[in-house]
> 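Below is the structure I would like to discuss, written out as C-alpha cells.
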Amino acid sequence: MARRNEELSLLLENIAKLLALKSESPFRIRAYEEAARSISAMAEDIEDLHRAGRLTDIAGVGSSIGAKLGEYLDTGRSSYYEGLKREVSVEAADLLDVPSIGPARAKLVHERLGISTVAELERAAREHRLQGLPGFGEKLEDRIAREAARVAQRTGRMLLGMALPAAEEVVRLLRDRPAVLEINPAGSIRRMKETIGDIDLLVASNRPGEVMDAFTTLPIAREVLARGPTRSSILTRDNLQIDLRVIKPDEYGSALQYFTGSKDHNIALRQVAINRGWKLSEYGLFDAAGKRLAGRTEEEVYRALGMDWMPPELRESRGELEAALGHQLPDLVALKAVRGDLHVHSDWSDGYDPPERMVEAAIARGYQYLALTDHSRSLGVAGGLSIERVRQQRRLVDQLNQRYAPFRVLHGTEVDILPSGDLDYPDDVLAQFDLVAASVHSAFGQPRERMTERILRALRNPYVAVLSHPTGRLLLRRPEYEVDVEAVLQAAAQQGVALEVDGQPDRLDLNDLWARRARDVGVLLVCNSDAHSARQLELVRYAVATARRGWVEPRTVLNTLPIKRLLAHLSRRGRKRRAA
DNA sequence: GCCGTTTTCGGCCCGACTGTTTTCAGTCG
C-alpha cells in the first residue's frame, strides 16, 4: 500500500505554515510541526492506527490534531485546513521556503506589499521595494533577492547519492590540511537519509581562520555565500550549497552529536539529560552546577548518559535511545559484510560494461560472487534477452567461471513480472538460471488488489528467489505503485523469497521503514547495487545504509553469506519449493 | 496544541548569527 504518512505529515506542516503567517502562538505552531515529524518518522502506518482508533498514541498528537487527522483520513479533506486557506494566502506560505524569510517577514511583505509568491518576492527585492519596510535594510534585501532566485529554480531536496559524494569530495580536499584535526559530514547525510536538504560538514580545529580560508577557496567553490569565524557556506560548481562549521576540539563530540541529529533524536536525548538534572547542548554535557561531564567525543556523551554509542543511521527516534540505554542496540549489517552482488546488468541488456568487466570489478571489490541479472525478453527498451540469448549467455558464464575461479559468477535474470503475474520466461527456462530475481517494470497503474495479486503470484513461482525493488518507487519522481506491501512481506517470509533493498540512489527500495518491518517479520533481505556499469557496483553502499536505517542485522541479509552457503541456500530452497 | 513518577496548569531545547538597531527581533539549526 502506498503509505499515507507523508501526505498527512504534509497536511500538518501546511497548517503550521498558515498558522505562522497568522502569527498564532508559537507553541501551537510547534505542536503541528512536531506532530508532522512524528507521523513522517514513525514506523507504523497511520491508516492502521486510525482504524484501531489509536491516532492519539502518536507522540505529539492529542485530541485536536487527532480529530483533524481522522477527518482527513475519512473524507480526504480537512475543514480546518480549508478554513485557514480561505483566511490566509496559501501561496504566501511558500515564502517560508526562502532562507532568511520566517513567519514575521513573510507576513510583513504579504500584508504591506501583497507579495504571495517567491517570484514576486524576488522581483520586489530586485526593484528595492523591500527596503522601506521595518527591519529590512540593503543587505537583507540583497540576500533575499539571491535566495529567492535560488529557491525559484531549485527542486528542494536532493538524493543522498548526489549529496554524499559532494560532501566526501570536500572532506577529501580538506582533511590533510594542518589546521584540520577532524572532519565529518553531519546532519541527514551522516544519518544516510534517502534525501538531503542541506549538506553540513563539521571540522575540529584550533585555527578556524585557516580552515575557513581553505574551505572558501576550494577549487570546487563557485561562490562564497557566507564567511564567518565559525560557519561558512559555499555554492559548488554543481550548484550545491555546502555549510561548514569549525568546532573547538574539546567540544567536537557534542557538536557532532548535535549537528547529526535527527532533531527528534536530539530532543529525546536532551530529555534524558534533563531527567538527570543535567543539560546537553552542542557545547557539551553539563551537570546542575555547570560542571562539564562530556563533550570531546560522541562516545563520551552517550556513555555519560548511560547509553551505548549508536550508529548515526539509527538516530531517528524510533526506539534507539531505549535500546542504547538497555545495551540492546542491533548489530547492524556493514558494507564489509557483503560478499557479493546479486543484481547487476551488463551490456547484454541495458548495462554499459561487458560481463567480464563486471566480474573483474566485483573481484576488485573483494567479492566472492556476482550474479549477472540482465533483463528478460519483454523489456524491449532495456534490451531484454531472448531465450536464445539466454542460452548464449549461459555458455559465456560457464567460460567466465573457468577463467576467474574460484570467483563464482551466477547466471541470473531480472525477469519481468508481467501484468498478469506470469513471468516473462517459461519455467523450463527459469529452471536453468542459478538465480531468478523478479520485478515489475510495466503497468504501474494497476489497482491495489490486482498489483498485489500479480506480485504474490510471482512469489509463488518456485524458481523465484528474489523480488527486486519491491515497491517500484523512484525518489523525487514517482511514488510506489499501489500494493499491499505487508501481504508481500508475509508471502515472502512464507515462500522463503528474499526481498531486495536496491541501492540505486533514486530507488532505495525497499526503504528503511519497510526493511525494518521485513526484519521484524523474518523476511530475508538482499542488499544489491542494481549496477548498470562496473563503477556502479559501489551503489551497494546505499542499499546497506538503507538496511542499517531499518535496524537490519547481517544474519538476515542473503548476500552476506559466503559462496558455499549461498549456493546451499539457493539449491535447498529450490528443491523444497519445487517439491511442494 | 500537547503533555504530566514533581503536574490537568503552565511549561514547551537552546544558543548563535545577522542585520538592524542602540538593546533587539527574526531566523536558523
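In what follows, chains carry the letters A, B, and so on, assigned in the order in which the sequence lines appear, proteins first and then strands, with residues in each chain numbered from 1. Side chains included, hydrogens not; waters and symmetry mates left out as well; all remaining heavy atoms used.
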> Heavy atoms under 4.0 Å, any strand shown: does A:Ser281 hit a base, just sugar-phosphate, or nothing?
nothing
> Using heavy atoms to find the nearest nucleotide of DNA chain B for A:Tyr283 and A:Ala31 separately, return the residue whose nucleotide is more 5′.
A:Ala31
> Rounded to whole angstroms, how far apart are OH on A:Tyr80 and P on B:dG1?
5 Å
> Show the distances under 3.5 angstrom between N or O atoms of the protein and N or O atoms of nucleotides 25-29 of chain B.
| residue | atom | partner | partner atom | Å |
| --- | --- | --- | --- | --- |
| B:dT27 | OP1 | A:Gly102 | N | 2.5 |
| B:dT27 | OP1 | A:Gly102 | O | 3.1 |
| B:dT27 | OP1 | A:Arg105 | N | 3.0 |
| B:dT27 | OP2 | A:Pro103 | N | 3.4 |
| B:dT27 | OP2 | A:Ala104 | N | 3.2 |
| B:dT27 | O5' | A:Gly102 | N | 3.3 |
| B:dT27 | O3' | A:Ser100 | N | 3.4 |
| B:dC28 | OP1 | A:Ser100 | N | 2.4 |
| B:dG29 | N2 | A:Tyr258 | OH | 3.0 |
| B:dG29 | N3 | A:Tyr258 | OH | 3.2 |

> Using a 4.0 Å heavy-atom cut-off across all strands, classify A:Lys68 as base, sugar-phosphate, or nothing.
sugar-phosphate
> A:Ile267 has an atom CD1; how far is it from atom C1' of B:dC14, in whole Å?
11 Å
> Counting only Watson-Crick or G-U wobble pairs whose two distances fall under 3.5 Å, which nucleotide matches B:dC2?
B:dG11
> Under the salt bridge (charged side-chain N to carboxylate O under 4.0 Å, His left out) test against A:Arg549, which residue among A:Glu316, A:Glu313, A:Glu320 passes?
A:Glu316
> Give the rounded distance in Å between these two atoms: CD of A:Glu141 and C1' of B:dG19.
13 Å
> What's the gap between B:dC13 and B:dG29 when it is taken at their C1' atoms, as a whole Å value?
12 Å
> Salt-bridge test for A:Glu7 and A:Arg4: reply yes if a basic N is under 4.0 Å from a carboxylate O, no otherwise.
yes
> With rounding to whole Å, what would you report as the distance between B:dT22 and B:dG15 at their P atoms?
27 Å
> Is any side-chain N of the basic residue among A:Arg517 and A:Asp45 closer than 4.0 Å to the acidic one's carboxylate O?
no
> When you compare B:dT20 with B:dC28, how far apart are their P atoms, in angstrom units rounded to a whole number?
15 Å
> For B:dT5 and B:dA16, measure between their P atoms and round to the nearest Å.
31 Å
> Roughly how many Å is it from CD1 in A:Ile247 to P in B:dG15, rounded to a whole number?
15 Å
> Measure from CG on A:Asp142 to P on B:dT20 and round the result to the nearest Å.
10 Å
> In whole Å, what separates the P atom of B:dC12 from that of B:dC17?
23 Å
> Tell me whether the OP1 or OP2 atom of B:dC13 has a side-chain N or O from A:Arg270 closer than 4.0 Å.
no
> In whole angstrom, what separates A:Trp278's CH2 from B:dC13's C1'?
18 Å
> Using the P atom on both, measure B:dT6 against B:dA25 and round to a whole Å.
35 Å
> My understanding is that only residues two or more places apart in sequence, or in another chain, count here; which of them pass salt bridge (Lys or Arg N to Asp or Glu O under 4.0 Å) with A:Glu169?
A:Arg172
> Could A:Glu147 and A:Arg143 be called an ion pair, given the rule that one side-chain N must be under 4.0 Å from one carboxylate O?
yes
> So, are A:Glu71 and A:Arg77 salt-bridged, with charged N and O less than 4.0 Å apart?
no
> According to a cutoff of under 5.5 Å between the ring centres and under 30° between the ring planes, does A:Phe27 stack with the base of B:dC12?
yes
> Calculate the interatomic distance between A:Arg37 atom CZ and B:dC13 atom P; express it in whole Å.
10 Å
> For A:Gly137 and for A:Gln271, find the nucleotide of DNA chain B with the closest heavy atom, then tell me which residue's nucleotide is more 5'.
A:Gln271
> Rounding to the closest angstrom, what is the interatomic distance between B:dC9 and B:dT27 at atom C1'?
30 Å
> Between A:Glu299 and A:Arg303, is the salt bridge (Lys or Arg N to Asp or Glu O under 4.0 Å) condition met? List the steps.
CA-CA 6 Å; A:Glu299 287 82 353; A:Arg303 198 181 325 122; over 6 Å; no
> Could you work out which one of B:dG19, B:dC13, B:dC17 sits closest to the side chain of A:Thr230?
B:dC17
> Provide, to the nearest angstrom, the distance between the CZ atom belonging to A:Arg30 and the P atom belonging to B:dG10.
19 Å
> For the pair A:Arg473 and A:Glu194, find out whether any cationic side-chain nitrogen is under 4.0 Å from an anionic carboxylate oxygen.
yes
